[in-house]
Amino acid sequence: QVQLVESGGGLVQAGGSLRLSCAASGRTFGSLTVGWFRQAPGKEREFVAVKTWSGSSTYYADSVKGRFTISRDNAKNTVYLQMNNLKPEDTAVYYCAARLFFVGWPGIGRFDAYDSWGQGTQVTVSS
């Protein structure tokens with residue numbers, strides 16, 4: 001079992017930046033593929049970004065390409081989501097999720113590909 005704790009959310013104006021962190025414990029971090037999802041009020045949870053356990057592959061939702069960057073620091077057991085040029089439509093609760101190894105794309109973009117989830121962190125972008 002993996003424990004995930006997100007941090008870094010907050011209120012920011014449109015065009016601003018935030019960096020989310022996802023700290024993992026309980027299982028060998030180097031074997032984990034970690035992704036970010038988000039859920040806005042009244043909407044389904046949607047995929048944002050993922051970096052595979054080996055770090056060799058990264059995928060992004062079209063809506064965040066060029067603005068968001070996912071990275072991982074295996075020494076700190078942490079995955080980051082750098083969010084730049086934020087838009088009001090980025091407002092949501094952001095969750096990190098983890099699973100062992102990799103199942104391929106586009107499967108890794110599905111929320112049911114993951115078996116561990118954090119509690120979420122709120123990101124609010126004002127216009």
Side-chain angles (χ1 to χ4, degrees):
Q1 190 70 15
V2 178
Q3 291 76 47
L4 303 172
V5 179
E6 303 98 334
S7 61
L11 173 64
V12 64
Q13 289 188 331
S17 298
L18 284 174
R19 188 178 79 158
L20 305 184
S21 299
C22 173
S25 62
R27 182 166 274 176
T28 303
F29 184 75
S31 302
L32 296 177
T33 286
V34 179
W36 287 94
F37 288 74
R38 65 187 182 186
Q39 188 166 19
K43 295 188 177 182
E44 294 185 350
R45 192 168 299 192
E46 65 173 359
F47 168 76
V48 175
V50 62
K51 181 173 280 292
T52 59
W53 66 277
S54 65
S56 61
S57 296
T58 303
Y59 301 92
Y60 295 95
D62 288 342
S63 58
V64 306
K65 280 181 182 176
R67 300 188 299 121
F68 290 12
T69 302
I70 187 171
S71 62
R72 60 190 293 155
D73 185 338
N74 286 357
K76 295 183 177 180
N77 287 5
T78 300
V79 172
Y80 303 98
L81 185 68
Q82 178 66 44
M83 306 186 295
N84 299 328
N85 190 22
L86 283 160
K87 304 176 180 181
E89 51 264 42
D90 294 319
T91 295
V93 177
Y94 283 71
Y95 300 89
C96 66
R99 61 158 292 126
L100 282 177
F101 303 119
F102 185 57
V103 293
W105 177 263
I108 201 63
R110 292 174 53 88
F111 71 89
D112 57 2
Y114 299 83
D115 49 26
S116 298
W117 290 83
Q119 82 288 350
T121 186
Q122 176 70 46
V123 171
T124 303
V125 184
S126 62
S127 57

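Sequence positions, counted from 1, serve as the residue numbers for this chain. Model, not experiment: these values are computed from the prediction.
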Exercise. Between D90 and K87, is there a salt bridge with N-O shorter than 4.0 Å?
Worked result: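 Not counted as a salt bridge, because no side-chain N and carboxylate O are separated by less than 4.0 Å.
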
For this session: State whether the number of non-hydrogen atoms from other residues, nucleotides or ligands found under 6.0 Å of Q119 atom CD is greater than 12.
Result: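 More than 12 heavy atoms, drawn from other residues, nucleotides or ligands, come within 6.0 Å of this atom.
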
Exercise. What do you reckon, is CZ of F111 surrounded by more than 12 foreign heavy atoms closer than 6.0 Å?
Worked result: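 Atom CZ in F111 is not packed in, count stays at 12 or less.
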
Minimal non-hydrogen separation, [X] against [Y], with atom names:
X: T33; Y: V50; result: CG2-CG2, 3.5 Å
X: S21; Y: T78; result: CB-CG2, 4.2 Å
X: N84; Y: S17; result: OD1-OG, 2.9 Å
X: V2; Y: L4; result: CG1-CD2, 3.6 Å
X: P88; Y: S127; result: CG-CB, 3.8 Å
X: A49; Y: L81; result: CB-CD1, 4.2 Å

Exercise. Does the pair V64 and M83 meet the rule for a side chain to side chain contact (heavy atoms under 4.5 Å, CB included), with working shown?
Worked result: CA-CA 8 Å; V64 306; M83 306 186 295; over 6 Å; no

Between [X] (side chain only) and [Y] (backbone N and O only), is there a donor and an acceptor less than 3.5 Å apart?
X: S56; Y: S54; answer: no
X: T52; Y: S57; answer: yes
X: T91; Y: V125; answer: yes

For this session: Give the ring-plane orientation class for Y94 versus F68, where under 30° counts as parallel, over 60° as perpendicular and anything between as tilted.
Result: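 Correct class here is tilted.
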
Can you list everything that forms a side-chain hydrogen bond (donor to acceptor under 3.5 Å, both in side chains) with [X]? Sequence neighbours excluded, please.
X: Y95; result: none
X: T124; result: Q122
X: R99; result: none

For this session: Please determine if R19 forms a cation-pi arrangement with Y80, meaning its NZ or CZ atom is less than 6.0 Å from the six-membered ring centre and no more than 45° off the ring axis.
Result: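 Judged by the rule, R19 and Y80 form a cation-pi pair.
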
Problem set entry | Qualifying residue, where the test is ring pair (Phe, Tyr, Trp, His ring centres under 6.0 Å) with F47 and the options are W105, Y59, Y60, Y114 |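 Option passing the ring pair (Phe, Tyr, Trp, His ring centres under 6.0 Å) with F47: W105.
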
Exercise. Are any non-hydrogen side-chain atoms of F29 and R72 less than 4.5 angstrom apart?
Worked result: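 They are in contact (side-chain heavy atoms under 4.5 Å apart), so the answer is yes.
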
Problem set entry | Validation row: L100, L32 side chains within 4.5 angstrom (heavy atoms) |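 Side-chain contact under 4.5 Å: yes.
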
Exercise. Going through the checks in order, is the side chain to side chain contact (heavy atoms under 4.5 Å, CB included) test met by W36 and E6?
Worked result: CA-CA 10 Å; W36 287 94; E6 303 98 334; 3.9 Å; yes

Problem set entry | Gap between atom CZ of R45 and atom CZ of R38 - 0.5 Å precision |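 Separation between the atoms: 13.0 Å.
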
